[in-house]
Student: 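My questions all concern the structure below.
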Amino acid sequence: MKRIVELDFIKALAIMMVVIAHTSCPPLVGHMFYLIHVPLFFMVSGYTCKNDEHFCSKSSLKHFFVRRIKSLYVPFLKYVLPIVLLHNVFYKLGVYETHFTANEFIFQICRTLLMSLGTNEPLLGQLWFLKVLFLTEIYYAAIVFLTHQIGCSKYYILTILYILVFVLPLDNFLHLYMMNLFWPIKAMAYYNIGELLKINYPVSSLKKTILPFVLFVGLWVVSGSFISTSFQESIQFIALYQLLLTIFAFYALSSFPYASLPKWIQKKLQILGGRTMGVFCLHNLVFLVVSIIYLLLSKEDLSIIAENCCIMDVPWWCFSICGILVPYLFYTFKTKCCH
């Protein structure tokens, strides 16, 4: 699919929100960002998904599964396995509080192969997103294939699933069911809406104006002031409100007149929008490095990191800048070297 600059801009803004929200930023900022940052990624993924006819035959469905394994599962392993294998090194540095035995290593590697990390890898907690996105796309394609085979609309099944996760209070299951069923189905609603927006309101057809963005920001600030939530939490009213707010955010950001911005800002945002996977996977590791450097310079005990890799004495904006800029520069340099 040809790259759409508006989507790269949205992804760039969303990944900046993700990184900043993982620091000790002001509560209002954190609440605002948590309301839309990850949902925006699911919506963009739905916007770029293939049309339903690509999932209607066994061969096309198999081809889609193989592509998603290569684009999501393999990168997950590439980022996660080295960190898992270095677990005891981080323990000796005081970063982790637990030490793995040989059997625990084997168990954790097996969990990693199933895209399940648990709570033993603090540096990898954010990667739940990749598993949920992977399952969301796999489930969605399977539902489209199944409903096509039996000759009914996919919305018969999707509507039932959406009612279960957005209306009924079914969010107190065990973590296993939450990660493998509840969150992927909730994410599927954003993914599905992204697909519908692509068909009915393509971003290229939207009038470029700043007014929707201004209105959205006003509503967004008010929402952050009154709602303390994250995408994982699902008080039903908040979940529905979050869905509507994210749709508004997608529209406002899609219709924003980016062409009026300085060219260098446009270029940087577009490049960052194409590097979101790297920034997403590496920013916690960058936080750790910044914390270690600070503690070494301050001659303090490294064991403080075991409690939180974002040391409170380091300004949150410092973590934010480093968490975005270092992976960005790394992948920019890597791309230039490969060429």
Side-chain angles (χ1 to χ4, degrees), residues 4-22 25-49 126 129 132-133 136 162 165-166 183 186-261 265-266 269-270 272-273 276 279-280 320 324:
I4 302 172
V5 292
E6 289 90 347
L7 298 186
D8 280 332
F9 292 151
I10 292 174
K11 288 170 62 181
L13 295 171
I15 196 61
M16 286 191 283
M17 286 189 272
V18 167
V19 174
I20 294 171
H22 284 166
C25 62
L28 174 60
V29 174
H31 297 164
M32 289 170 60
F33 288 176
Y34 268 115
L35 278 169
I36 66 169
H37 58 9
V38 171
L40 274 175
F41 273 114
F42 288 123
M43 204 166 283
V44 169
S45 296
Y47 192 99
T48 58
C49 77
Q126 79 278 14
F129 168 80
V132 171
L133 178 59
T136 296
Y162 297 158
V165 297
F166 282 99
W183 293 350
K186 178 175 283 190
M188 199 185 301
Y190 293 93
Y191 186 87
N192 192 190
I193 289 172
E195 179 202 22
L196 293 174
L197 291 174
K198 174 185 66 175
I199 296 172
N200 298 290
Y201 302 99
V203 296
S204 59
S205 68
L206 296 178
K207 180 181 179 181
K208 303 306 178 184
T209 171
I210 198 173
L211 180 58
F213 179 76
V214 172
L215 294 175
F216 165 71
V217 170
L219 178 62
W220 192 24
V221 172
V222 173
S223 301
S225 300
F226 288 96
I227 299 176
S228 172
T229 185
S230 68
F231 181 67
Q232 295 93 323
E233 296 170 351
S234 56
I235 299 172
Q236 304 311 316
F237 168 76
I238 293 179
L240 288 170
Y241 181 79
Q242 185 178 31
L243 180 66
L244 296 174
L245 186 68
T246 306
I247 295 172
F248 190 14
F250 187 90
Y251 169 72
L253 294 174
S254 298
S255 59
F256 185 87
Y258 295 100
S260 63
L261 297 175
I265 293 181
Q266 295 182 50
L269 285 176
Q270 191 170 2
L272 181 60
T276 52
V279 176
F280 188 84
S320 301
I324 296 167

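One-based numbering along the sequence shown.
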Student: Flag the pair Met17 / Leu40 as yes when at least one side-chain heavy-atom distance between them is below 4.5 Å, and no otherwise.
Tutor: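 Yes. Closest side-chain heavy atoms under 4.5 Å.
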Student: Write down the atom of Gly224, the atom of Leu28, and the distance for their closest heavy-atom approach.
Tutor: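 Smallest heavy-atom distance, with atoms named: C-CD1, 3.5 Å.
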Student: Heavy atoms only: give me the nearest Ile15-Val279 pair and the separation to one decimal.
Tutor: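 Looking at all heavy atoms of both residues, the closest pair is CG1-CG1, 3.6 Å.
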Student: Any chance you could measure His22, atom NE2, to His37, atom NE2, to the nearest 0.5 Å?
Tutor: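 Nearest 0.5 Å value for the NE2-NE2 distance: 5.5 Å.
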Student: Could you tell me the separation between the CD atom of Gln270 and the CG atom of Leu7, rounded to the nearest 0.5 Å?
Tutor: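 Answer rounded to 0.5 Å: 10.5 Å.
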Student: Passes side-chain contact (heavy atoms from CB on, under 4.5 Å), Tyr251 versus Tyr201? Steps please.
Tutor: CA-CA 9 Å; Tyr251 169 72; Tyr201 302 99; over 6 Å; no
Student: Locate the shortest heavy-atom distance separating Tyr34 from Ala21; write the atom from each residue and the value.
Tutor: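 Heavy atoms only, the tightest pair is OH-O, 3.6 Å.
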Student: So Phe9 and Gln266, side-chain contact (heavy atoms from CB on, under 4.5 Å) or not? Walk me through it.
Tutor: CA-CA 8 Å; Phe9 292 151; Gln266 295 182 50; 4.2 Å; yes
Student: With a 4.5 Å limit on heavy-atom distance, are the side chains of Val5 and Tyr258 in contact?
Tutor: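 Side chain of Val5 against side chain of Tyr258, heavy atoms only: no contact under 4.5 Å found.
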Student: To the nearest 0.5 Å, what is the distance between CG on Leu196 and CE on Met43?
Tutor: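 Result: 10.0 Å between the selected atoms.
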Student: Apply side-chain contact (heavy atoms from CB on, under 4.5 Å) to the pair Tyr190 and Thr246, showing each step before the final yes or no.
Tutor: CA-CA 8 Å; Tyr190 293 93; Thr246 306; 3.7 Å; yes
Student: Can you name the nearest heavy-atom pair linking Phe213 to Leu253, along with the distance?
Tutor: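 What the structure gives for the nearest pair is CE1-CD2, 3.8 Å.
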Student: Using 30° and 60° as the class boundaries, would you call the ring planes of Phe280 and Phe129 parallel, tilted or perpendicular?
Tutor: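 The arrangement is tilted - the two ring planes meet at 30° to 60°.
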Student: Donor-acceptor check, side chain of Glu195 to backbone of Gly46, threshold 3.5 angstrom: yes or no?
Tutor: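 Judged by distance alone, no pair lies under 3.5 Å.
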Student: Are side-chain heavy atoms of Leu245 and Phe216 found at a separation under 4.5 Å?
Tutor: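 Contact flag for Leu245/Phe216 side chains = yes.
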Student: For residues Leu197 and Ile193, determine if any side-chain heavy atom of one lies less than 4.5 Å from a side-chain heavy atom of the other.
Tutor: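 The answer is yes, as the side chains (C-beta and beyond) meet within the 4.5 Å cut-off.
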Student: From Ile36 CD1 over to Leu243 CG, what is the distance, rounded to the nearest 0.5 angstrom?
Tutor: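 Atom-to-atom, Ile36:CD1 and Leu243:CG are 13.0 Å apart.
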Student: Keeping Asn192 on the side-chain end and Met188 on the backbone end, is there a donor-acceptor pair under 3.5 Å?
Tutor: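 Checking the backbone N and O of Met188 against the side chain of Asn192, no donor-acceptor pair under 3.5 Å is found.
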Student: Evaluate the side-chain proximity of Ile10 to Ser254: yes if any heavy-atom separation is below 4.5 Å, no if none is.
Tutor: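 Yes, their side chains come closer than 4.5 Å.
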Student: For Phe41 versus Ala14, what's the shortest heavy-atom pair and its separation?
Tutor: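 Result for this residue pair: CE1-CB, 3.5 Å.
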Student: Could you state the interatomic distance from CG (Leu269) to CD (Glu6), rounded to the nearest 0.5 Å?
Tutor: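 Here the rounded value is 12.5 Å.
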Student: Hey, are the side chains of Leu272 and Met16 touching, using non-hydrogen atoms and a 4.5 Å cut-off?
Tutor: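 Yes; the side chains approach each other to less than 4.5 Å.
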Student: NE2 of His31 to OG of Ser225: how many Å apart, nearest 0.5 Å?
Tutor: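 Between His31 NE2 and Ser225 OG, I get 10.0 Å after rounding to 0.5 Å.
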Student: If you look at every heavy atom in Gly273 and Ala12, which pair is closest and at what distance?
Tutor: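 Residues Gly273 and Ala12, closest heavy atoms: N-CB, 3.8 Å.
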Student: Test side-chain contact (heavy atoms from CB on, under 4.5 Å) on Lys198 and Thr48; report intermediate values, then the result.
Tutor: CA-CA 8 Å; Lys198 174 185 66 175; Thr48 58; over 6 Å; no
Student: Within a strict 4.5 Å, meaning less than it, do heavy atoms of the Val44 and Phe250 side chains meet?
Tutor: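 Side chain of Val44 against side chain of Phe250, heavy atoms only: contact under 4.5 Å found.
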Student: Indicate yes or no for a side-chain donor-acceptor contact from Tyr47 to the backbone of Val203 under 3.5 Å, with no hydrogens or angles considered.
Tutor: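 Indeed, once roles are kept as given, a pair shorter than 3.5 Å links the two residues.
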Student: Are Phe248 and Leu215 packed together at the side-chain level, in the sense that at least one heavy-atom pair is separated by less than 4.5 angstrom?
Tutor: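 Counting from C-beta outward, Phe248 and Leu215 do come under 4.5 Å.
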